Amino acid sequence: MTAATGPQALPPRVAIREVGPRDGLQNEDVILPTAAKRRLVEALADAGLTAIEVGAFVKPQNVPQMADTAELFAVINRRPGVVYSAIAPNVVGAKRAVAAGADAVQAFLSATESHNQSNVNMGVEQSLANVADMSELVRSAGKPFDAVLSVAFGCPFEGHVPIELVLELCGRLLDLGAEQVTLGDTTGMAHPVLVQQVVTAFRERFPRQRLRLHLHSARGAGLANIFAALQLGVVEFDSSVGGIGGCPFAPGAPGNLCTEDLVHMLHEMGVETGIDLPALMEVSRMLEGMLGHEVPGQTIKAGICKHLTG
Ligand code: ZN
């Protein structure tokens, strides 16, 4: 299939990183047993996801849902070619991630002081100092290291986040050794015009850098934001199977972008993902069973358009 041509041609293929096992499950009241998480991660890889965020190395008292991440890494049957990653807030977590066998480690910090304090209980400068330590440790272990900048499109506490601030923090993260920066719309405040403004400004400042977007759909704009980014040639996105999760530390913030909704739209437009959509739908159904409730994704309710299944 070739990409649709329209006012602006879309990229022929995009890479999706699945964040459901981490960003999704950490926002659930139910704490899944390690064996269930293992089934989820393995089923996602079987459905064609080639990058999976498996868990987080954070304090178990802060995020009990992620307490077994090391055990999970130890039991998952790894599919060749799949990157099984973890996030960590500091060098202690990064050390545990490397020891557990994470293929890649991701640091995270927020663009605003208030969100960073709320999320990790420290200032942005302290988080940047942690990133420096983590970068050295992870890269000397020979693993890829990248960083996500949360609330890059708006902050639930501070509102508008200046693009200049986002760019400055991206520059510092890249200087500290992050191979890639992911911009997070942590509470779903982005809209298509803002996405294009931020992506354009990022490209102008860092013309040779790959950019990944972690978009949410808390206010329904997630897929529109994806389309806005695709039009500018962004080809790397995060999403969560079933649309579960979001940021548990921000008020009113459910709404990770749903992987099967994203894949459905992309395939309809002729943009390849390498993902087996019917298999992914099965994973989402299995997840509903594990969680004991419906997932927020929409394709699981409406079904796959017939011409995409055959
Ligand atoms: Zn998220």
Side-chain angles (χ1 to χ4, degrees), residues 14-29 32 37 40-41 44 49 51-58 62-63 65-66 69 85-89 104-112 115-116 118-120 127 146-157 161 166 173 180-191 194-195 198 211-226 228-229 234 236-263 280 284 287 291 295-298:
V14 306
I16 294 175
R17 177 169 60 189
E18 169 60 46
V19 300
R22 198 283 300 174
D23 193 7
L25 291 184
Q26 78 168 25
N27 203 32
E28 287 290 329
D29 293 333
L32 292 187
K37 290 183 181 178
L40 175 63
V41 170
L44 286 164
L49 271 310
I52 302 174
E53 201 174 77
V54 170
F57 289 92
V58 291
N62 293 350
V63 191
Q65 295 91 334
M66 294 291 111
T69 298
S85 67
I87 69 161
V105 180
Q106 190 182 35
F108 59 96
L109 79 160
S110 308
T112 64
H115 192 270
N116 210 58
S118 161
N119 199 19
V120 285
S127 277
D146 66 314
V148 64
L149 185 64
S150 301
V151 300
F153 297 88
C155 170
F157 308 112
V161 175
V166 171
L173 289 168
Q180 185 183 35
V181 174
T182 299
L183 295 180
D185 181 24
T186 314
T187 62
M189 293 172 73
H191 55 79
L194 179 60
V195 167
V198 171
L211 173 64
R212 175 190 292 278
L213 296 181
H214 179 111
L215 298 169
H216 280 206
S217 206
R219 292 172 179 82
L223 290 176
N225 291 336
I226 291 279
V234 177
E236 292 175 89
F237 300 103
D238 286 355
S239 62
S240 175
V241 60
I244 59 165
C247 177
F249 301 105
N256 268 322
L257 193 70
C258 170
T259 306
E260 59 268 25
D261 292 356
L262 172 60
V263 170
L280 180 62
S284 200
L287 181 61
L291 296 174
V295 296
Q298 293 177 278

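Quick caveat, the model's predicted, so the values are computed rather than measured. In listed order, ligands and their atoms are each counted from 1. Only heavy atoms go into these numbers, but all of them, side chains included; no hydrogens, no water, no symmetry mates.
- Geometry note: the Zn ion (ligand 1) is the vertex, His216 NE2 and His214 NE2 are the arms, and the angle is 100° (rounded to 10 degrees).
- A salt bridge does not link Arg17 with Asp23: none of the charged nitrogens is closer than 4.0 Å to a carboxylate oxygen.
- Partners of Ala147 according to the side-chain contact (heavy atoms from CB on, under 4.5 Å) rule, which considers only residues two or more places apart in sequence or in another chain, are Ala107, Leu173, Ala178.
- Because the distance cut-off is set at 2.8 Å, Asp23 qualifies as a neighbour of the Zn ion (ligand 1) through one of its N, O or S atoms.
- Between Val166 and Leu183 there is a side-chain heavy-atom pair separated by less than 4.5 Å.
- Within the coordination shell of the Zn ion (ligand 1), defined by N, O or S atoms under 2.8 Å, Asn256 is present.
- Rounded to the nearest 0.5 Å, atoms OG1 (Thr186) and CZ (Phe153) are 9.5 Å apart.
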